[in-house]
Amino acid sequence: HWDIKIKHVHEVLKKGCMVSKMFYFKMPRKHKCIQFGLESVAPLLHSGEETPDPIPTTTRGTIPAWINGSFLRNGPGKFEFGEDRYNHWFDGMALMHRFHICEGSVTYSSRFLRSDSYNLNSERNRIVVSEFGTVALPDPCKNFFARFLSRFQIPQPTDNANVNFVKYKGDYYVSTETNFMRRVDPQTLETKEKVDWSQYVAVNSATAHPHYDREGATYNMGNSYGRDGFFYTIIRIPPAEEAAAKEDSADLSGAEVICSIPAAESRKPSYYHSFVMSENYIVFVEQPIKLNVLKFMLYKIMGESFQKILSWEPQYGTVFHLVDRHTGQESKVKYRTAPMFTLHQINAYEDNGFLVMDMCCGDDGDVIGEFTLENLRQESGDDLDKFYNSLCRNLPRRYVLPLNVDEQTPLDQNLVTLPNSTFCKTVYMTHEELHNDELLQYGGLEFPQINYDKYNGRPYRYFYACGFGHVFADSLLKMDVHTKELKVWRYPGLFPSEPVFVASPDAAEEDDGVVLSVIITPRKEKSTFLLVLDAKTFTELGRAEVPVSIPCGTHGVFNETG
């Protein structure tokens, strides 16, 4: 019945309308924004060119003079070597960008990360290192027997760190989701040494989304697996020692595993992209996106990419593991909820015996594998519309965990006494939708950001995010979590990056500052600009236009000392 209705609406549009149309359907348990007539975003997925020497930009409006630092961005930027082509958007070689802002003027520069993966691929002019969605084929110059044996060699994880900029002990690194990072110079974007997490702590990987406490320590999560099973590990890296002489080298000394959480299914551990941290707790979300360990051990022999060993298995549901970040003790209480998928958290804080967690969530974890270049590079038409409308929409949700649960806690009662929040039993939870219906017309949201320095782990009111009325973000949103009201920046043909908040000097309120985002367009080459919004009113203050075409990226940070 649903398919017939959509087909009918689509046919009507094709007969008499050439512009994009959006329909909002309210269905049982799902809200869906249906789009027709989407424009192609294929030009946003081209291979970029690096600009190693800073170039000036053209300023429109006003860039506040108090902004002094560098907006650093990362993301896939090269999608082919010789005749070989990558299959998935996540596979592209890391291209780093720097918008340096000083006294109202902006310069731009960029560099490819000189990872081992990039260097080997460049030297041989073909793809020789496997990535998330692409398996490197054996060397065609070898004989058949050598090519056959190469399939049984354990593949080395990629060091193509194309996800985020992260900071440890004052140094910047670019990171992905393997055990390798690369230290980089935030001024020149030059690639420095390769860092292997396993040389410091017993982990086989780490996320690209660490958290920072107010004492200068950094927390991250990784995986460890061996004869004893599969574990999710919480890592703490201490602050840099102020008295120690700073050497120009990577320093993760003092890193330690503070907690190891055994996987509920040792042969099917969960995939995760980030984790939750409040002032006193860390929460690991064990979600039903499962990694098949047997296939993982054999995926090169089978000729399958890493993407193919992940599967959405909602029958496992979702479990929140609560850990005291000071002692490393895991709570004996397991908080369970319906199957859901999350990449990014918004914020978490404690309030009168409860832990409030706000996250961007969806109901279908298959979406990760869908972002192939074949899907994303489709021309405007039925196929692109169908692809977008098949994707789940991520929406902001609030989960509230009661912290004081013991044997005396009554069963079958709502334990949450905070206003506008719900909880079902001691173990099974339900969520609060952290939005109203207005958000649905913007296709849901992702890439949330807050005033992190002042409000991470504390009660807050505002967050900023990208709206997804297209396969890539096509709007910027400001959400008031108290009232669920939205402010929106959106223009046809303009595709923004993750919004990053920068507080103004002596800010008195949470949203005193600006929001930075890089805007790209498929409609015209070399039409990128850095957008500066007033964070309070969400209106444009100014933009810095760059005569460079920049491919769609992932995450970024503002470096105040840049």
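Between Tyr173 and Trp197, the ring center distance fails the sub-6.0 Å criterion. Ring to ring, Tyr232 and Phe284 are close: their centroids are under 6.0 angstrom apart. Checked against the 6.0 Å centroid threshold, Phe371 and His88 do not count as a close aromatic pair. Aromatic pair Phe275/His211: centroids less than 6.0 angstrom apart. Tyr455 has its ring centre no less than 6.0 Å from the ring centre of Tyr460.
The nearest pair of heavy atoms linking Pro186 to Leu72 is O-CD2, 3.9 Å. Considering every non-hydrogen atom in both Ile235 and Met221, the closest pair reads CD1-C, 4.3 Å. Shown here for Thr207 and Asn220, the closest heavy-atom pair between the two residues is OG1-OD1, 2.5 Å.
Shown here is Lys454, whose NZ atom has no more than 12 heavy atoms of other residues, nucleotides or ligands within 6.0 Å.
Of the N and O atoms on the side chains of Asp91 and Thr134, at least one donor lies less than 3.5 Å from an acceptor on the other residue. Under 3.5 Å, the side chains of Tyr272 and Asn223 contain a donor-acceptor pair of N or O atoms.
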List, one per line, each side-chain donor-acceptor pair under 3.5 Å for residues 317-324, sequence neighbours excluded.
{"unit_1": "Thr318", "atom_1": "OG1", "unit_2": "Ala338", "atom_2": "O", "d": "3.1"}
{"unit_1": "Thr318", "atom_1": "OG1", "unit_2": "Met340", "atom_2": "N", "d": "3.1"}
{"unit_1": "His321", "atom_1": "ND1", "unit_2": "Glu330", "atom_2": "OE2", "d": "3.0"}
{"unit_1": "His321", "atom_1": "NE2", "unit_2": "Glu286", "atom_2": "OE1", "d": "2.7"}
{"unit_1": "Asp324", "atom_1": "OD1", "unit_2": "His326", "atom_2": "N", "d": "2.8"}
{"unit_1": "Asp324", "atom_1": "OD1", "unit_2": "Thr327", "atom_2": "N", "d": "3.2"}

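Every residue was checked against the side chain to side chain donor-acceptor pair (under 3.5 Å) condition with Arg267, not counting sequence neighbours, and none meets it. The salt bridge (Lys or Arg N to Asp or Glu O under 4.0 Å) search around Lys192 returns Asp248, not counting sequence neighbours.
Salt-bridge check for Glu313 with Lys290: failed, with every basic side-chain N at 4.0 Å or more from each acidic carboxylate O. Between Asp363 and Arg397, at least one side-chain nitrogen of the basic residue sits less than 4.0 Å from a carboxylate oxygen of the acidic one, meeting the salt-bridge criterion. A salt bridge is absent between Arg114 and Glu190: the closest approach of a Lys/Arg side-chain nitrogen to an acidic carboxylate oxygen does not fall below 4.0 angstrom. Using a 4.0 Å cut-off between charged nitrogen and carboxylate oxygen, Asp116 and Arg182 count as a salt-bridge pair.
For the pair Lys478 and Tyr464, the cation-pi criterion (under 6.0 Å, within 45° of the ring axis) is not fulfilled.
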